[in-house]
K.L.:
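Below: one structure in structure tokens.
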2 protein chains.
Amino acid sequence: MNLKQLSELLGLSQTTVSRALNGYPEVNEATRERVLQAVKETGYRPNKAAQRLATGKAGSIGLVMPTAPGHQSDVHFGEFLAGLGEEAVRHDFHFVIMPADPDDEVAALRRLAISGNVDALFVAYMRGHDPRLAMLKSLSMPYVVHGRSFGSEPDYPYLDIDNEGAFYDATRLLLQLGHTRFALMNGPMHLDFAIRRKNGVISALAERGLTLEDGCTSHALMTDEQGLLAMEHFLQLPERPTAILCSSTVLALGAIRAVNQAGLRLGEDISLIAHDDVLPLLKPESFSVPLTTTRSSLRAAGVRIAQRLIGTVKQAGPFPDQELWKTELIVRASTGPVPQA
Amino acid sequence: MNLKQLSELLGLSQTTVSRALNGYPEVNEATRERVLQAVKETGYRPNKAAQRLATGKAGSIGLVMPTAPGHQSDVHFGEFLAGLGEEAVRHDFHFVIMPADPDDEVAALRRLAISGNVDALFVAYMRGHDPRLAMLKSLSMPYVVHGRSFGSEPDYPYLDIDNEGAFYDATRLLLQLGHTRFALMNGPMHLDFAIRRKNGVISALAERGLTLEDGCTSHALMTDEQGLLAMEHFLQLPERPTAILCSSTVLALGAIRAVNQAGLRLGEDISLIAHDDVLPLLKPESFSVPLTTTRSSLRAAGVRIAQRLIGTVKQAGPFPDQELWKTELIVRASTGPVPQA
DNA sequence: AGTGGCATCCAAAGCGCTTTCAATTGTGTA
DNA sequence: TACACAATTGAAAGCGCTTTGGATGCCACT
């Protein structure tokens with residue numbers, strides 16, 4: 001059932017039927033009723049591809065999903081998607097997801113944009129000096145970046161959390177508890193948030209004349225295995241750190257396993273603060289020793305970005321171009337005073 | 001840059017250029033080279049919406065993502081998606097994801113199908129007597145169901161794991177260890193896998209003349225909180241069960257917390273077997289007491305379903321219509337002989 | 001010389017929708 | 001009565017691509 005058939009069935013022109021369906025004012029109310037009724041009876045649905053072709057809009061937002069054989073799926077991605085979805089469903093928007101090798105993200109993003117399948121783009125996993133920014137700017141398609149790109153002019157639309165502030169505050173808390181030997185368990189080095197978090201730690205330490213040793217920084221994928229490995233490494237350093245900052249509760253999960261295996265007590269021998277994206281599976285309060293965290297909901301960020309993206313497409317603007325969300329520092333039991341030597 | 005412009009630039013007809021690009025044999029090799037060269041220089045990409053409109057194919061598979069405010073995102077969904085993506089990226093396929101309220105899945109699926117945006121459908125979260133099957137059959141669009149629908153004629157293409165067999169085997173193992181008081185911590189009652197797993201448990205118990213008490217069965221969303229609640233409930237039953245079957249490592253996560261909180265020892269006071277979807281965050285061997293599990297990789301299932309779906313669209317068939325994967329029973333430390341009373 | 005076959009190429013007709021421009025009718029006004 | 005004007009409706013031109021059904025040369029072959 002297509003427009004033509006429907007209009008013939010009604011004895012109307014395609015024009016009028018189309019207008020009736022799309023809420024144009026110049027069609028008689030009685031006629032519109034008749035059309036709506038027929039739609040209900042026949043189950044007619046406009047062909048989106050044709051609509052897209054004719055209007056240039058399709059009610060969809062595009063995103064790239066990094067994937068590869070062996071590439072571990074990322075809980076953060078799923079959680080974020082849930083946020084986007086929560087908002088999208090309210091506006092009858094859908095997603096077009098382009099799976100891509102992590103090394104091929106720029107090209108994948110371009111393909112997605114040019115494909116004509118999407119109205120707006122969502123971009124994540126931002127890196128320092130991210131090459132995608134230049135491409136996005138040349139594209140004349142709305143987009144919002146989740147995160148920022150360290151080293152690039154901040155003249156693009158983004159939503160980010162204050163990563164530097166979060167880790168600055170966390171470090172200060174640990175300093176106040178008397179800790180002097182710090183370690184940072186971070187995400188991959190090229191990622192923007194990792195850079196900023198590290199800076200936060202460094203500048204808080206610097207205020208006390210302390211530095212972050214190279215051996216006390218790990219950069220790795222945010223999986224629990226990597227957390228375990230990193231912590232095992234930290235624990236066998238001659239000057240074992242007593243204060244650990246951790247870029248994700250996922251990493252913390254592994255890290256804590258290492259602490260337990262070493263027979264140490266979290267919150268006493270070792271203090272740990274992790275960043276909490278509010279993942280459903282990893283509630284900080286559910287850890288055997290509840291975790292002190294810097295918190296910011298990834299899902300909420302997804303909702304917000306979807307709002308901005310969809311709003312822009314629908315021209316329901318204007319939206320703030322750049323948002324920086326503060327994180328909350330929530331103190332639980334995994335932090336305590338530095339142990340007496 | 002579109003086909004018309006490109007062809008004018010080359011002094012060729014759109015027809016020839018189109019053929020050159022799509023590998024038709026009747027175009028001169030020299031011409032094809034010239035076209036390919038021009039494409040490279042201009043960065044021309046065909047408009048997918050137009051291609052879709054003209055051919056009816058778009059290189060995409062559609063799926064519905066259940067979502068709602070407060071609807072907890074599902075790790076299983078993300079992991080499965082990773083599997084689909086791993087295969088899709090090899091064929092330059094993408095996904096169209098339609099977020100939908102869990103109560104609205106049938107309608108969402110229909111919208112997705114009729115939209116003309118997808119070539120094939122993937123359907124999950126199957127229920128007993130699932131109403132989507134009838135709709136899918138009427139659709140003349142390829143689809144594969146992940147799971148099955150208990151109570152419906154099994155005449156649709158699916159990939160499922162042997163849920164009943166898995167839980168039958170798991171129950172048998174516990175029976176051999178001498179357990180007689182069982183509890184089942186299951187997924188939502190209306191879901192197909194939950195029905196079959198329960199049946200597996202019941203039939204293994206029946207062979208020994210045992211039954212599964214109503215109070216010893218919980219049906220709930222597969223979150224760790226629910227696991228905790230269910231286990232707390234089991235533990236305060238007058239005839240406390242000693243053997244727990246658990247539909248997911250996610251549930252097990254909470255369940256074990258409850259066991260610990262009660263001061264009981266897993267694998268001694270309480271034996272537990274969980275179904276392991278091979279989620280990256282929840283490795284059974286990483287639990288403080290490594291978990292005995294029935295295992296089947298969700299991600300591998302995603303890869304396989306993508307293969308079938310894409311293969312069918314590309315007419316690279318034929319594919320088996322129905323696949324039933326066996327699970328592995330892997331014995332670790334969470335199961336032990338029944339404790340002496 | 002006449003014919004058929006092959007290799008290339010093109011014009012034009014859709015695919016299903018939106019939207020511009022125009023036509024038709026009925027109504028109020030001069 | 002004649003005319004401007006609002007209210008409705010349609011015909012047809014795209015959107016950018018694929019594909020059918022010819023064209024056009026050019027060659028070998030009878």
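Since the model is a prediction, treat every value here as computed from it, not as a measurement. Proteins get letters first, then strands, A, B, ... in listed order; numbering begins at 1 in each. When reading the values below, keep in mind they use all heavy atoms of this one structure, side chains included, and skip hydrogens, waters and symmetry mates.
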K.L.:
Between A/R299 (side chain) and A/L279 (backbone), is there a donor-acceptor pair under 3.5 Å?
P.N.:
no
K.L.:
Report, as yes or no, whether the 6.0 Å neighbourhood of atom NZ on B/K4 holds more than 12 heavy atoms from other residues, nucleotides or ligands.
P.N.:
no
K.L.:
Is a side-chain donor or acceptor of A/R304 paired with a backbone partner of A/G83 at a separation under 3.5 angstrom?
P.N.:
no
K.L.:
Applying salt bridge (Lys or Arg N to Asp or Glu O under 4.0 Å), can you list everything that pairs with A/D74, at least two apart in sequence or on another chain?
P.N.:
none
K.L.:
Apply side chain to side chain contact (heavy atoms under 4.5 Å, CB included) to the pair B/L81 and B/I97, showing each step before the final yes or no.
P.N.:
CA-CA 10 Å; B/L81 197 59; B/I97 294 195; 4.1 Å; yes
K.L.:
At what angle, to 10 degrees, do the two end axes of the helix from C/dA1-D/dT30 to C/dA30-D/dT1 meet, given five pairs define each axis?
P.N.:
70°
K.L.:
Not counting sequence neighbours, list each pair that qualifies as a salt bridge (charged side-chain N to carboxylate O under 4.0 Å, His left out) and has a residue in residues 108-128 of chain A.
P.N.:
A/R52-A/D119, A/D104-A/R111, A/R111-B/D92
K.L.:
Check B/H94 against A/P99 and note the closest heavy-atom contact, atom names and distance.
P.N.:
CA-CD, 4.1 Å
K.L.:
Which residue pairs satisfy the salt bridge (charged side-chain N to carboxylate O under 4.0 Å, His left out) criterion with at least one member in residues 11-27 of chain B, sequence neighbours excluded?
P.N.:
B/R19-B/E26
K.L.:
Write out a two-atom table: protein N or O, nucleotide N or O from nucleotides 24-27 of chain D, distance below 3.5 Å.
P.N.:
none

K.L.:
List in chain and number order the residues that pass salt bridge (Lys or Arg N to Asp or Glu O under 4.0 Å) with A/E105, two or more places apart in sequence or in another chain; answer none if no residue qualifies.
P.N.:
A/R132
K.L.:
State, without any angle test, whether B/T67 and A/E86 hold a side-chain donor-acceptor pair at a distance under 3.5 Å.
P.N.:
no
K.L.:
I want to know whether B/F122 and B/F80 have ring centres closer than 6.0 Å.
P.N.:
yes
K.L.:
Tell me the closest heavy-atom pair linking A/V118 and A/I61, and the distance in Å.
P.N.:
CG1-C, 4.2 Å
K.L.:
Expected output is a numbered-order residue list: members of residues 11-21 of chain A with a heavy atom under 4.0 Å from any atom of DNA chain D. What is it?
P.N.:
A/G11, A/L12, A/S13, A/T15, A/T16, A/R19
K.L.:
Applying side chain to side chain contact (heavy atoms under 4.5 Å, CB included), run through A/V313 and A/L309 and close with a yes or a no.
P.N.:
CA-CA 6 Å; A/V313 170; A/L309 245 17; 5.8 Å; no
K.L.:
So which pairs with a foot in residues 59-68 of chain B pass salt bridge (charged side-chain N to carboxylate O under 4.0 Å, His left out), sequence neighbours left out?
P.N.:
none
K.L.:
Judged by modelled atom types alone, do B/S7 and B/Q14 share a side-chain donor-acceptor pair under 3.5 Å?
P.N.:
no
K.L.:
Going 5' to 3' along DNA chain C, which nucleotides are the first and last within contact of chain A (any atom under 4.0 Å from a heavy atom)?
P.N.:
C/dG16 to C/dT20
K.L.:
Using a strict heavy-atom distance below 4.0 Å, which residues from residues 54-63 of chain A are in contact with DNA chain C?
P.N.:
A/A54, A/T55
K.L.:
What pairs meet the salt bridge (charged side-chain N to carboxylate O under 4.0 Å, His left out) rule with one or both residues in residues 30-44 of chain A, with sequence neighbours excluded?
P.N.:
A/E29-A/R32
K.L.:
Treating A/Q322 as the side-chain partner and A/P154 as the backbone partner, does any N or O pair qualify as donor plus acceptor under 3.5 Å?
P.N.:
yes
K.L.:
I need the residues from residues 23-34 of chain A with at least one non-hydrogen atom less than 4.0 Å from DNA chain C; give them sorted by number, or say none.
P.N.:
A/Y24
